[in-house]
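Notes follow once the structure below has been shown.
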Amino acid sequence: MPTVGVGRDELFARLGQTSYTPEDLVEEGKAQHEFDELCFEFGIELDDVTSDRMMAANEIKNADAEAQAKLDELDDTVIYKIDIPANRYDLLCIEGIARSLRIFKGLESAPTYQIIEPAQRQIMRVKPSVKDVPRPFVVCAVLRGMNFEENNYKSFIDLQDKLHQNICRMRKLVAIGTHDLDVVEGPFQYDAQPRDEVSFVPLTEEDKEWTGKALLDHYNTDPGCKHLKPYTKLIYDCPNYPVISDAKGRVMSMPPIINGAHSRIQKGKTTNVFIECTATDLTKAHIVLDTMVTMFSEYCSEKFSVEPVDVIYETADGGVESTETTPRLSSRMAEAQLTDICSVIGVELDAPTVCELCTKMQLGPASYDEATGTISVTVPPTRSDILHAVDIIEDVAIAYGFNKLIPGEVPPTQTVGGPLPLNHFSDQLRDEVARAGFTEVLTHGLCMTRENFDNLRRVNDGSAVQLSNPANEEYEVVRTTLLPGLLKTLKHNKSMPVKDGIKFYEISDVVLQDTNADVGARNERHLAATYAGLTDGFEVIHGLVDRVMQLNLVKPESQKGDSATYYKIQPTDDQAYYEGRRAEVVLVRPVAAAAGAAAEEAKGDEVEEIVLGTFGAVHPLVLAKDKYDLQNPCSAVELNLEPLGGSANSPVRSGTVKERDGTGRRRLGSRRREGGGSREASAVRAGGIAFVLADHPQEAGVHGHCHLD
């Protein structure tokens with residue numbers, strides 16, 4: 001949220017709160033408390049109470065005598081720092097805040113903004129050359145009879161800065177220029193000129209002319225102009241720079257960088273102001289211009305009035321392509337159903353009350369159509385934040401008072417939130433893989449097409465979801481495998497010692513195209529792990545595969561016994577791995593188990609084989625310099641975790657899980673070891689999945705590198 005600093009005494013004077021005693025005005029006193037309450041009622045927040053001296057003192061630690069002397073010279077006027085909503089541009093200055101609060105309190109009515117027709121309109125001619133620079137639009141206005149004093153001049157400058165930081169996006173979308181109309185002559189011209197031919201005296205260098213390119217070089221290197229340095233990149237590399245000049249060819253502005261010194265606004269002298277806003281976004285340009293003129297037209301000789309300017313877009317041959325009169329300052333109508341308003345805020349209000357509340361929020365005059373049940377409000381040019389009926393409802397709730405809103409009824413049913421089974425399973429598995437000595441990484445979900453397929457020596461089968469407008473080649477497709485991210489992580493961690501091996505893993509989603517899905521694609525939760533060292537570590541990855549299956553109580557084919565569900569390891573032709581050292585993991589289970597039936601009920605039924613994934617020693621061509629540039633041999637595994645939840649012999653499905661013991665874990669019945677005797681093994685339930693957490697890892701078959709025979 002933007003924060004606006006306003007002088008307390010000036011703000012209270014504008015609000016008519018002049019009866020406070022010195023005791024009321026002390027910090028945390030009556031005045032501050034009442035204003036804090038008013039801010040809350042209006043939907044803004046008093047964030048801090050400070051002064052220029054206090055802010056400077058906070059930035060200077062252990063000030064010496066010279067620094068202390070400078071601090072003593074600073075103003076000690078109390079400043080209120082107020083947080084406002086990011087889309088309320090009309091509250092970015094003291095004029096807008098005070099006006100809105102007075103209307104909210106019923107001290108005045110919302111002003112009516114007038115466009116006064118002058119004897120002769122000012123004209124801004126836009127040359128076609130501006131289409132070659134990144135800001136082809138301009139809007140303008142004239143404020144007559146202004147009276148610039150110290151406070152309103154500072155507010156005038158501050159509002160421009162706040163708009164530049166907010167809606168203007170650091171001048172990328174809109175740049176504001178203000179000029180003394182009495183020292184320039186129309187018609188004005190907006191065109192693009194070769195950067196070495198632009199010559200003028202900028203506002204920051206009042207006695208020296210600069211060319212456009214030289215001036216930007218100066219701003220990039222001079223510490224005294226560091227506040228302008230961020231904007232130079234917006235046009236620095238353009239061969240032509242945008243320039244606004246008057247009828248005599250005098251440069252008034254080089255947007256979005258700096259105004260000319262000749263047309264600068266001076267306190268106590270400038271009375272007529274010419275405002276121009278150049279932009280890449282015409283809609284935002286109109287919002288910015290409307291905000292400027294509505295906030296400061298209260299200082300015009302005729303309050304809340306503004307003179308229009310004709311903006312003429314010319315063709316290459318000097319003809320007229322189009323003409324626009326600015327500012328628009330147009331009001332518009334917006335509607336919301338009375339039933340919707342009452343339903344959302346939870347209070348039954350009659351139509352006259354709702355219309356009155358809308359008027360408090362500057363949305364008046366408001367009216368009610370009994371036939372349609374519709375509240376119609378008038379949106380002034382200051383309220384560009386009103387985009388939908390819910391915005392009207394929000395303003396009605398603010399005007400009514402949040403503290404008055406009655407909480408709704410407690411629902412008759414109660415539910416307890418919890419993680420999704422797949423997420424809970426993933427979290428449990430992360431812990432177990434980490435205990436096996438692997439370090440978790442989190443890689444980007446987007447990658448290059450060649451990283452996803454060609455670099456792994458895999459054929460592009462069209463399964464990857466492609467981005468229609470990727471920012472760069474690094475983000476062309478959504479990954480269908482986790483291996484590229486892990487291999488790139490190894491590549492960027494070559495400095496790590498490899499004596500004991502480098503072990504990384506990731507449990508994340510991949511995305512695959514799926515015509516049966518509502519959005520044309522589906523997510524799959526995968527586990528991938530890599531080992532790189534002096535040897536390829538195939539046995540380490542093989543052991544991790546066995547450990548993951550053991551944790552899910554899925555036995556290998558050689559040990560399945562009477563179990564209907566087991567896994568087997570068989571050869572694969574995945575070209576990402578070295579021939580002879582590659583395999584795929586296949587889960588075999590009854591078809592009925594996949595539908596949720598218990599394993600016992602499915603004995604003798606048809607079984608299905610699900611390829612969970614592959615593992616092996618990564619092929620040297622994948623590790624080559626033009627691919628992932630890895631110098632050490634490497635092994636990897638990638639498994640689809642989602643089918644594991646359907647294991648038929650899961651203790652959750654088979655009914656062998658007993659009640660929780662005192663540790664919060666579920667207990668399995670005792671089972672017999674090969675050497676005789678029995679032991680207890682804990683099972684942690686994760687949705688439809690159970691982990692066996694052996695009391696001694698060696699007894700669970702984890703020996704050395706997690707290898708199971």
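Keep in mind that the numbers below use all heavy atoms, side chains included, and drop hydrogens, waters and symmetry copies. Keep in mind that this is a model prediction, so the values were computed, not measured.
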Q) Where do Met549 and Tyr566 land on the side chain to side chain contact (heavy atoms under 4.5 Å, CB included) test, with the steps shown first? A) CA-CA 9 Å; Met549 302 307 291; Tyr566 59 90; over 6 Å; no

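With respect to the salt-bridge test (charged N to carboxylate O, under 4.0 angstrom), the residues Glu506 and Arg479 qualify. Between Glu476 and Arg450, none of the side-chain N atoms (NZ, or NE/NH1/NH2) sits under 4.0 Å from a carboxylate O, so this pair counts as no salt bridge.
In summary, the aromatic rings of Tyr577 and His619 are positioned with their centroids too far apart to meet the 6.0 Å limit. Close placement of the Phe538 and Phe615 rings is indicated, their centers lying within 6.0 Å of each other.
The environment of Asp518 atom CG is sparse: at most 12 non-hydrogen atoms of other residues, nucleotides or ligands sit within 6.0 angstrom. A 6.0 Å sphere centred on NZ of Lys229 holds no more than 12 heavy atoms belonging to other residues, nucleotides or ligands. In the displayed structure, Lys172 atom NZ is contacted under 6.0 Å by at most 12 heavy atoms of other residues, nucleotides or ligands. No more than 12 heavy atoms of other residues, nucleotides or ligands lie within 6.0 Å of NZ in Lys284, so this atom counts as exposed by the packing criterion. Under a cut-off of 6.0 angstrom, the local environment of CD in Glu579 is sparse, with at most 12 non-hydrogen atoms contributed by other residues, nucleotides or ligands.
No option in Arg430, Arg435, Lys503 other than Arg430 meets the salt bridge (charged side-chain N to carboxylate O under 4.0 Å, His left out) test with Glu440.
Taking CZ of Arg171 as the reference point, atom CG of Leu173 lies at 13.0 Å (rounded to 0.5 Å).
Taking the six-membered ring where the residue is Trp, Tyr505 and Phe438 present perpendicular rings, their angle passing 60° and hence far from 30°.
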